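See structure below.
Because the structure is predicted, anything quoted here is derived from the model rather than measured. The basis for the numbers below is simple: all heavy atoms, side chains too, and nothing from hydrogens, waters or symmetry mates.
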Amino acid sequence: MVELSVVEQRYRAVLAVLAGATVTEVAARLGVSRQTVSGWKSRYEASGLAGLADRSRRPTSCPHQASAEVYTHVVQDTQREAMSHMDRLLRRRPGRQ
């Protein structure tokens, strides 16, 4: 028995739907949701076999992430504040608060 790759399994599922099987039937046969089979079909129609390959789940962007410039300023300000605090601590006379 030959084991099929993930892309081949998805391709066969899409072909079954395109040949007339219902998405529900194909999903039940494979043990996946109808939404999954519909997604494979949509991705196949948009990108061909390449659309059936596993995709990264990493977001393409993070809208609330600070820019590199802002990050640099924050780090520099934090370092400056820490140095200033250390200077104040070191200038204290022994026994005084």
> Are the side chain of T36 and the backbone N or O of V32 linked by a donor-acceptor pair below 3.5 Å?
Replying inline: no

I want to check something: taking the side chain as every heavy atom from C-beta on, are Q35 and S38 in contact at a cut-off of under 4.5 Å?
no

For this session: State the NE2-CD distance between H73 and E69, to the nearest 0.5 angstrom.
Result: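 Result: 4.5 Å between the selected atoms.
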
Rounded to the nearest 0.5 Å, the CH2 atom of W40 sits from the CD atom of Q9 at a distance of 7.5 Å

List the atom pairs, with distances to 0.1 Å, where a side-chain N or O of residues 45-65 and a protein N or O form a donor-acceptor pair under 3.5 Å, not counting sequence neighbours.
from, atom 1, to, atom 2, distance (Å)
E45, OE2, K41, NZ, 3.0
D54, OD1, R10, NH1, 3.0
D54, OD1, R10, NH2, 2.8
S56, OG, R58, N, 3.0

Between Y44 and V14 the two heavy atoms that sit nearest each other are CD2-CG1, 3.6 Å

For residues 76-83, run the donor-acceptor check on the side chains, cut-off 3.5 Å, and write out each pair with its distance to 0.1 Å, sequence neighbours left out.
from, atom 1, to, atom 2, distance (Å)
D77, OD1, R80, NH2, 2.4
T78, OG1, V74, O, 2.8

Going by side chain to side chain contact (heavy atoms under 4.5 Å, CB included), name the residues that satisfy it together with E25, two or more places apart in sequence or in a different chain.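 Here the qualifying residues are A21, T22.
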
